[in-house]
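Structure record follows, encoded as structure tokens.
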Amino acid sequence: MSESDTELAKDLGLLSALTIGIGTMIGAGIFVLPGVAASTAGPVVVVSFLIGGAIALVNALSVSELGTAMPKAGGGYYYVNRALGPLFGSIAGLGDWVGLAFASAFYSIGFGQYLATLVPIPGLLFLSEVQVGALVAGAVFVGVNYVGAKETGGVQTVIVTLLLAILTLFAVQGWLSFDFATLLGDGGVAPLGYGAILPGTALVFVSFLGYAKIATVAEELKNPGRNLPLAIVGSVLIVTVLYAILVSIMLGVVPWPELSQSAPLTQATQVAFPGGFAGIAVTVVTLGALLATASSANASILASARINFAMGRDRIVTNWLNEIHPSYATPYRSILVTGGIIVVFIAALGRDIEVLAKAASVLHLVVYALMNAALIVFRETDPEYDPAFRVPLYPLTPALGIVLSLGLLAFVGQEELLLSAVFVVGAIVWYLVYARRNTERRGLLGQFILDRGGDLPDPVVGAAAAVSPNGSGRSEDRPTTMVAVSNPRTEQALVTLGAALAKHEGGRLLATHVVQIPDQTSLEAAAAQRGRISQTSDRLLADARTDAEQFDVPIETQTVLSHEGFAEVFDVAREHGVDRLVIGHGGAKLAGGRVRSRLDELTHDLPCDVLVFDGQEFDPSEILLPTAGGHSSDLSAEVARALQATVGATVSVLHVADDRDEGRVFLEEWASDHELDDVELLVETGDVETAIGEAAANRSLVLVGATERGLLSRVVGESLTLSVLDEMETSVLLAERPRPRSLRERLFGRAKSAN
């Protein structure tokens with residue numbers, strides 16, 4: 001199964017998106033950190049929360065722009081890897097992953113703290129009762145994600161509504177018990193000095209990590225260009241105000257030196273509420289704290305699985321981690337590894353929640369700085385970068401985000417700063433030792449530098465070349481031919497074609513069945529009926545495996561639920577890095593006219609070599625290969641050679657020229673250049689279509705290489721002018737090879753599509 005199986009329909013509105021952000025953030029800032037933060041900065045820690053919110057707001061603007069431009073799994077890692085390349089992608093991905101594990105351990109400890117106030121928990125060996133509670137909670141959170149957490153806007157809205165109701169009751173009653181003398185104490189507003197504000201900010205910044213979660217559900221948002229930035233920025237503003245108000249009230253109810261470092265809101269509630277209601281209020285607040293910390297921890301584990309998926313797809317880490325569970329459809333290995341890291345963090349560092357909070361903050365600050373840099377690179381180097389929302393005051397805003405994120409690192413403390421340095425160095429070593437040999441895609445920045453080698457200083461170009469990925473470690477990987485199957489009547493023909501080509505080059509086959517779901521049906525609802533869908537798909541893919549076995553080539557199969565149809569086929573091919581895609585002519589029309597304009601653009605940006613087969617039965621015994629030269633005729637020659645070798649095809653090559661002798665010379669040179677031996681050479685004069693039609697009459701297959709740009713596009717759009725291909729009874733195989741488009745071609749294409 002692919003990533004697309006987990007995609008949801010666009011059924012999340014602004015309110016749902018807001019509650020996802022608020023619900024993810026609210027657990028730490030109010031329920032866990034106030035006591036620890038107050039001991040670090042005193043009452044002025046309220047300013048620390050405000051500064052943390054301001055820094056988060058600047059970064060939130062950049063996340064909003066990137067999220068509307070590329071709503072993809074992986075979030076920050078995906079943006080950094082695309083823009084800055086896999087070296088920085090490794091830093092961002094591993095940093096984000098481990099940072100989320102620190103955050104999950106932190107939330108689990110918070111859960112354990114409140115659980116210990118509610119029920120007696122015994123200590124175990126070197127573990128405190130809080131750590132034991134946190135380990136139990138962490139195991140439950142990992143288990144929930146293992147069997148498949150369903151996080152919807154509706155559920156999150158209910159949770160956030162309950163939390164806000166509880167906090168409102170506390171705020172009202174707490175304000176009645178509020179005392180400025182208690183807030184200021186003997187030392188005034190800054191008894192530990194104003195220099196404690198920024199260290200306090202570094203500590204509480206973990207409270208603002210959740211807003212990026214909204215970007216990961218951008219694909220599910222209604223009107224994402226409007227709702228995504230509103231939800232991200234709005235959630236940061238709302239929680240910042242909540243933090244400032246509620247922490248102020250807590251410090252006005254309980255003197256800051258006495259505020260509990262394990263369950264501060266429970267303590268403040270006990271003081272604020274009158275005697276008869278204190279027990280009930282404390283119980284309600286404690287249950288709210290458990291709900292809030294559980295929600296945050298669950299969201300962090302879920303996000304970490306998506307980051308692993310994105311890194312595995314790009315071969316930054318082994319794709320072994322992303323194996324999907326056959327029953328639960330979850331990346332269970334990734335979740336278990338992440339769960340193991342969380343358990344270690346809880347056991348080793350759980351007695352000092354400050355270390356967990358700062359470590360999570362540090363790693364995310366590094367990622368935020370890289371994300372802001374990525375935004376600048378996208379804007380400056382990618383002509384197709386077109387976000388629905390753009391940060392104001394560019395480039396000052398992303399530049400400020402870089403400065404603020406890196407600047408705050410100076411106040412986290414030596415221990416945590418050293419920890420961040422170790423992770424950055426470790427990620428670099430990981431890239432040089434493992435990822436560089438396995439990944440192949442360069443970032444936009446590296447490609448930009450290498451393309452302008454003559455205009456830039458040699459050290460810069462040399463550094464870019466030295467860290468570029470080379471994919472040398474993929475030697476064990478076999479070339480992949482992907483076959484998109486959808487119709488039982490054409491499955492055998494497509495798989496036989498793909499298997500014959502894969503066998504010739506010692507490759508493997510990937511049979512993919514994209515099940516197109518109507519827009520009116522959410523993918524979540526479709527996934528719930530996976531059993532019924534799987535029966536049909538399983539039969540189709542079982543037939544594919546049987547047909548592939550006849551050629552003794554390895555085959556993998558997958559079913560993908562998608563709203564996109566044909567566009568999803570291209571996305572899957574791109575994500576799996578396939579070398580060749582085989583589709584049926586009917587498959588090319590999967591989406592009909594619904595998204596025709598997008599399909600036209602897709603077919604101008606092919607993910608790999610594409611072969612479109614038009615016919616019911618694949619019979620390559622007598623192949624006619626018309627050619628006039630051209631880019632894609634190289635591919636048709638490769639296919640002809642492969643079919644000669646694997647199925648004993650007889651190949652006739654046809655060239656239509658004005659002069660028969662000149663045509664003969666051209667054809668002999670072309671066949672020699674393309675190593676086509678033992679082929680019949682046919683030279684004709686006159687009308688091209690007539691010549692092809694007459695020559696095809698006695699053949700079983702016509703193999704046509706696209707001789708002009710966009711031929712496949714016109715097949716999809718049913719505007720192919722070579723009407724002879726539609727009229728003949730012989731099966732047709734169209735071959736098109738991608739090539740970079742010039743600026744003129746891009747402009748011409750856009751102008752054409754606009755007409």
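Note that this is a predicted model, so its numbers are computed, not measured.
Here the side chains of Met482 and Val582 are not in contact, with every heavy-atom distance at 4.5 Å or above. Val377 has its side chain out of reach of Phe88: every pair of non-hydrogen atoms, C-beta onward, lies at least 4.5 Å apart. You'll find the side chain of Glu669 reaches within 4.5 Å of the side chain of Val665, heavy atoms only. Side-chain contact between Tyr434 and Thr318 is present, with heavy atoms from C-beta onward closer than 4.5 Å. Looking only at side-chain heavy atoms (C-beta outward), Val653 and Thr627 come within less than 4.5 Å of each other. Looking only at side-chain heavy atoms (C-beta outward), Glu684 and Ile692 stay at 4.5 Å or farther from each other. Put simply, the side chain of Thr512 does not reach to within 4.5 Å of the side chain of Val485, judged on heavy atoms. At a threshold of 4.5 Å between non-hydrogen side-chain atoms, the residues Ile91 and Tyr431 do not count as touching.
Judged purely by atom type and a 3.5 angstrom limit, Thr68 uses its side chain to pair as donor or acceptor with the backbone of Glu65. A donor-acceptor pair under 3.5 Å is absent between the side-chain atoms of Thr690 and the main chain of Gly686, judged by distance alone. Under the 3.5 Å distance criterion, the side-chain polar atoms of Trp670 are left unmatched by any main-chain donor or acceptor of Ala628. At least one donor-acceptor pair under 3.5 Å links the side chain of Asp579 to the backbone N or O of Thr480. In this structure, the side chain of Ser90 engages the main chain of Pro86 through a donor-acceptor pair within 3.5 Å. With hydrogens and angles disregarded, no donor-acceptor distance shorter than 3.5 Å links the side chain of Ser731 to the backbone of Phe618.
Listed by chain and number, the residues in a salt bridge (charged side-chain N to carboxylate O under 4.0 Å, His left out) with Glu380 amount to none (sequence neighbours excluded).
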### Query
How far apart are the C-alpha atoms of Leu87 and Ile428, what are their side-chain angles, what is the distance that settles it, and do they pass the side chain to side chain contact (heavy atoms under 4.5 Å, CB included) test?
CA-CA 7 Å; Leu87 171 60; Ile428 293 173; 4.2 Å; yes
#### Entry: Derivation of the side chain to side chain contact (heavy atoms under 4.5 Å, CB included) call for Leu581 and Ile583
CA-CA 7 Å; Leu581 170 64; Ile583 57 178; 3.9 Å; yes
### Task
Start with the C-alpha gap between Phe666 and Val683, add the side-chain angles, then the distance that decides, and say whether side chain to side chain contact (heavy atoms under 4.5 Å, CB included) holds.
CA-CA 10 Å; Phe666 165 82; Val683 179; over 6 Å; no
### Message
Could you walk me through whether Leu510 and Val483 satisfy the side chain to side chain contact (heavy atoms under 4.5 Å, CB included) test, starting with their C-alpha distance in whole Å, then the side-chain angles of each, then the deciding distance to 0.1 Å, before giving a yes or no?
### Response
CA-CA 6 Å; Leu510 175 63; Val483 180; over 6 Å; no
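Rounding to the nearest 0.5 Å places CD of Glu556 at 12.0 Å from CG of Leu541. Atom CD of Glu622 sits about 6.0 Å away from atom OG of Ser700, to the nearest 0.5 Å. Atom CG in Asp543 sits 11.5 Å away from atom OG1 in Thr557 (nearest 0.5 Å). The CG atom of Asn81 sits 10.0 Å away from the CG atom of Leu444 when rounded to the nearest 0.5 Å. Taken from NE2 in His504 to CZ in Phe551, the straight-line distance is 13.0 Å, to the nearest 0.5 Å. Considering CG of Leu84 and CZ of Phe378, their distance stands at 8.0 Å, rounded to 0.5 Å.
Counting all heavy atoms, side chain and backbone alike, Thr685 lies closest to Ala657 at CG2-O, 3.1 Å. Nearest heavy atom pair, residue Ala640 against residue Leu676, reads CB-CD2, 4.1 Å. The two residues Leu624 and Ala696 come nearest to each other via the heavy atoms CD2-N, 3.7 Å. Across Leu654 and Ala695, no two heavy atoms sit closer than the pair CD2-CB, 4.1 Å. Across all non-hydrogen atoms, the minimal contact from Met311 to Leu94 is SD-N, 3.8 Å. Here the shortest heavy-atom pairing between Ile555 and Ala548 reads CD1-CB, 3.7 Å.
Side-chain atoms of Thr481 and Arg508 form no donor-acceptor pair, as typed in the model, at a separation below 3.5 Å.
For Glu617, the CD atom is loosely surrounded, since the number of other residues' heavy atoms within 6.0 Å does not exceed 12.
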May I have the list of side-chain donor-acceptor pairs in residues 488-497 shorter than 3.5 Å, sequence neighbours left out?
from, atom 1, to, atom 2, distance (Å)
Thr490, OG1, Asn487, O, 3.3
Glu491, OE2, Ala544, N, 3.4
Thr496, OG1, Gln492, O, 2.6

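The pair Arg737-Asp609 counts as a salt bridge, with a side-chain nitrogen and a carboxylate oxygen less than 4.0 angstrom apart. Between Arg641 and Glu505, none of the side-chain N atoms (NZ, or NE/NH1/NH2) sits under 4.0 Å from a carboxylate O, so this pair counts as no salt bridge.
Counting only residues at least two apart or in different chains, side-chain hydrogen bond (donor to acceptor under 3.5 Å, both in side chains) contacts with residues 648-662 comprise Ser652-Glu680, Ser652-Arg699.
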